[in-house]
Amino acid sequence: MWRVRPAKLDDLQQILDIAGAQTARLSSTLPKTEETLARKIQHSLASLADNAPEGTPRRFLFVLENTDTGEIAGTAGIDSRAGNGHPFYNYRRDYLIHASHELNVSRRVEVLYPSHALTDLTLLCSFTLKEQHRNTPVFELLSRARMMFIASHREWFTNRTVVEIQGVQHENGSVPFWDSLGRHFFNMDFETADQYSGQLSKTFIAELMPPNPVYVTLLSTEAQEALGQPHPLTEPNYQLLQREGFQPGCYVDIFDGGPVMEVRTDSLKTLVTSQPKTLHGSHQNDGETCLISAGEGEHFRCLLTPVAETLADDVKVPVSTWHGLESSAGDPVRISPL
C-alpha cells in the first residue's frame, strides 16, 4: 500500500538517492547534500510539532512510502511562506508602449520586471517522483496529499498559494532563458545558480540580477519562445494543478522562465470537495476510490482507498486502510474524491 506521510531522518538516504536522480530544476528545493537535507527534514519535523525555529516560517516535507517494503518513491513539500524569511524573486511580465508622434509609430513591447511580490504566500515545492510511478495513481496521491494537509491545518497557510513549474531545459542541460539572460550576470552555470537559490539566502539574486526592466525582444528567439512555457516532463503535474484551480499568472521563474501558477487557497478543488468524516471498517473492497487522510502534524497520513459512505457521515473502508492511516474505528478522517 502506498501512502504519504511526513519525512523522517530515517528516510534521508532514500531521499538523497531520489534527489540525485532528478534534473537540476526539479530538485532545487530538495537538497542533494546530506547535511542540508537533514536540516530540511529536522525543520519539517519541528514545524509539524508546532515548535518551528523562532522567526522561521513553517516548512514541510512529505514522502511517498510503500508500507509493505519501506521504499520511498517520491517527495512533496509545502513552504508556509514563500521565501522563508527572505525575498522570493520572480519576473513579472508586463508591457511598455513605445511611440513617436512624428513618425506615427507605436509599438507594444514586452518587458520583465524583477519582483518579490509573491513573498510570504504559501508555496508548493520539492515535488519529485521516481520515473516508473509518474503515470500511476500514486502521482495524484503524492501531489494532492499536500492539499489534504492544508485542509486539515488551514490556519498555518495563507489565502493564496503559488507553485513554480520547471521551465524549458534541453537534454544536454542547456536552459534557453538562463543562457540568454541570467548567465551574463551570474557567471555560473544554471545548475549551480539554481542550487544556490534553493539552499542559500536569496540575497545574491538581488545583488547580481539587473534591477531594471528586461526587454524581452533583446533575448534570443529560443528564450522568447521558452518564456512562460513548462518543461514537457512537467505536463502531467501542470494539468493536475490546473484541475486543482491553479492558473499561470503574470510571473515567471527568475532562472528558467517557467510559469508560476497561482490560486486562492480556499478555492483549491481538494479543499472545496474534502469533507470530515468518521472512520469505520468494512470487509468489502468496493466503493468509490478517494483520497483519505487522518492525523495531525507528524501523525498525518494520506492514501487512496475504496470508500463506502453511510447516511450518518461515517465512511467504511477496508481494515488495511486503518493500518495505513494508523487509525481506529471512530477516529476523524477527511475524504476527497479523485
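These values consider heavy atoms only, across backbone and side chains, with no hydrogens, waters or symmetry-generated copies. Quantities reported herein were computed from a predicted structural model and do not represent experimental measurements. Throughout, numbering of the chain's residues begins at 1 and tracks the sequence.
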Query - Shared hydrophobic cluster, Met1 / Leu279 (ILVMFWY, side-chain heavy atoms < 4.5 Å) - result: yes
Query raised in the report: Listed by chain and number, what are the ring pair (Phe, Tyr, Trp, His ring centres under 6.0 Å) partners of Tyr238, not counting sequence neighbours?
Result: none
**Report entry** Atom of Asp120, atom of Arg81 and distance for their closest heavy-atom approach
**Finding:** O-CD, 3.0 Å
Report task. Examine distances only and state if a side-chain atom of Thr161 and a backbone atom of Thr265 form a donor-acceptor pair shorter than 3.5 Å. Result -> no
**Report entry** Linked hydrophobic residues, Val109 as query - side chain contacts closer than 4.5 Å
**Finding:** Leu96, Val111, Tyr113, Tyr215, Leu218
Requested in this report: Check Gly249 against Glu262 and note the closest heavy-atom contact, atom names and distance.
Outcome: CA-OE2, 3.7 Å
Report task. Using atom types as modelled and distance alone, determine if a side-chain donor or acceptor of Ser180 lies under 3.5 Å from a backbone N or O of Pro176. Result -> no
Requested in this report: For Ser274 and Arg334, run side chain to side chain donor-acceptor pair (under 3.5 Å): C-alpha distance rounded to whole Å, both residues' side-chain angles, the deciding distance at 0.1 Å, then the answer.
Outcome: CA-CA 6 Å; Ser274 67; Arg334 181 177 294 271; 3.1 Å; yes
Query raised in the report: Hey, does the side chain of Ser80 reach the backbone of Arg58 with a donor-acceptor pair shorter than 3.5 angstrom?
Result: yes
Report task. Count the heavy atoms belonging to other residues, nucleotides or ligands that lie under 6.0 Å from CD of Gln247, then report whether that count exceeds 12. Result -> yes
Query raised in the report: Got more than 12 heavy atoms from elsewhere within 6.0 Å of CD, Gln239?
Result: yes
**Report entry** Crowding at CG, Asn135 (>12 non-hydrogen neighbours, <6.0 Å)
**Finding:** no
Query - Nonpolar side-chain network containing Ile97, other nodes, edges under 4.5 Å - result: none
Requested in this report: Group every Ile, Leu, Val, Met, Phe, Trp and Tyr by side-chain heavy-atom contacts under 4.5 Å, then state whether Tyr91 and Phe185 land in the same group.
Outcome: yes
Query raised in the report: Nearest heavy-atom pair of Val252 and Asn90: which atoms, and what distance?
Result: O-CB, 3.4 Å
Report task. With sequence neighbours excluded, tell me which residues meet ring pair (Phe, Tyr, Trp, His ring centres under 6.0 Å) with Phe246. Result -> none
Query raised in the report: Should the heavy atoms of other residues, nucleotides or ligands under 6.0 Å from CD of Glu155 be counted, would the total exceed 12?
Result: yes
Requested in this report: Using a strict cut-off of less than 4.0 Å between a Lys/Arg side-chain nitrogen and an Asp/Glu carboxylate oxygen, indicate whether Glu65 and Lys8 qualify as a salt bridge.
Outcome: no
**Report entry** Same apolar cluster (I L V M F W Y, side chains within < 4.5 Å links), Ile150/Leu338
**Finding:** yes
Query raised in the report: Can you tell me how far the CZ atom of Phe88 sits from the CG atom of Leu123, to the nearest 0.5 Å?
Result: 4.5 Å
**Report entry** Stepwise ring-ring contact (aromatic ring centres under 6.0 Å, His included) check, Phe157 with Phe60
**Finding:** CA-CA 12 Å; Phe157 304 99; Phe60 306 99; 5.8 Å; yes
Requested in this report: Go through the structure and list residues passing salt bridge (charged side-chain N to carboxylate O under 4.0 Å, His left out) with Arg154, not counting sequence neighbours.
Outcome: Asp266
Query raised in the report: Can you hop from Tyr95 to Val216 via hydrophobic side chains spaced under 4.5 Å?
Result: no
Query - Donor-acceptor pair, side chain of Ser152 and main chain of Met148, under 3.5 angstrom - result: yes
Report task. Test salt bridge (Lys or Arg N to Asp or Glu O under 4.0 Å) on Asp79 and Arg59 and set out the steps. Result -> CA-CA 4 Å; Asp79 287 352; Arg59 307 184 72 182; 3.1 Å; yes
Query raised in the report: So, does Gln224 use its side chain to make a donor-acceptor pair with the main chain of Leu219 at under 3.5 Å?
Result: yes
Report task. For residues Val263 and Gly245, report the shortest heavy-atom separation together with the two atoms involved. Result -> CG2-O, 3.4 Å
Query raised in the report: Any donor-acceptor pair under 3.5 Å linking the side chain of Ser44 with the backbone of Lys40?
Result: no
Query raised in the report: If you look at every heavy atom in Asp11 and Val63, which pair is closest and at what distance?
Result: OD2-CG2, 4.0 Å
Query raised in the report: Is there a donor-acceptor pair closer than 3.5 Å between any side-chain N or O of Gln14 and the backbone N or O of Ile72?
Result: yes
Query - Where at least one partner belongs to residues 318-338, residue pairs that pass ring pair (Phe, Tyr, Trp, His ring centres under 6.0 Å), sequence neighbours excluded - result: none
**Report entry** Arg146: partners by salt bridge (charged side-chain N to carboxylate O under 4.0 Å, His left out), with sequence neighbours left out
**Finding:** none
Query raised in the report: Can you tell me if His231 uses its side chain to pair, donor with acceptor, with the backbone of Gln169 under 3.5 Å?
Result: yes
Query raised in the report: Do Phe177 and Val168 share a hydrophobic cluster (ILVMFWY, side-chain heavy atoms under 4.5 Å, transitive)?
Result: no
Could you give the side-chain donor-acceptor pairs of residues 288-299 under 3.5 Å, partners two or more places apart or in another chain?
none

Query raised in the report: Going by an N to O cut-off under 4.0 Å, is there a salt bridge joining Lys130 and Glu71?
Result: yes
Report task. With sequence neighbours left out, write down each residue that passes salt bridge (charged side-chain N to carboxylate O under 4.0 Å, His left out) with Asp331, or none if nothing qualifies. Result -> none
Query raised in the report: Under the salt bridge (charged side-chain N to carboxylate O under 4.0 Å, His left out) test, which residues partner Asp179, sequence neighbours left out?
Result: Arg183
Query raised in the report: For the atom pair CD (Glu235) and CZ (Arg134), what is the distance rounded to the nearest 0.5 Å?
Result: 14.0 Å
Requested in this report: Check for a donor-acceptor pair, side chain of Arg3 on one end and backbone N or O of Gly324 on the other, with a separation under 3.5 Å.
Outcome: yes
Query raised in the report: Does Gly330 offer a backbone N or O that forms a donor-acceptor pair with the side chain of Thr278 under 3.5 Å?
Result: no
Query raised in the report: Which heavy atom of Asn212 sits nearest a heavy atom of Pro114, and at what distance?
Result: O-CD, 4.0 Å
Requested in this report: Output all residues satisfying ring pair (Phe, Tyr, Trp, His ring centres under 6.0 Å) with His116, sequence neighbours left out; order by chain, then residue number.
Outcome: Tyr89
Query raised in the report: Can you name the residues that form a side-chain contact (heavy atoms from CB on, under 4.5 Å) with Glu225, not counting sequence neighbours?
Result: Thr221
Report task. Using side-chain contact (heavy atoms from CB on, under 4.5 Å) as the criterion, point out the one residue from Val260, Thr234, Asp253 that pairs with Ile165. Result -> Thr234
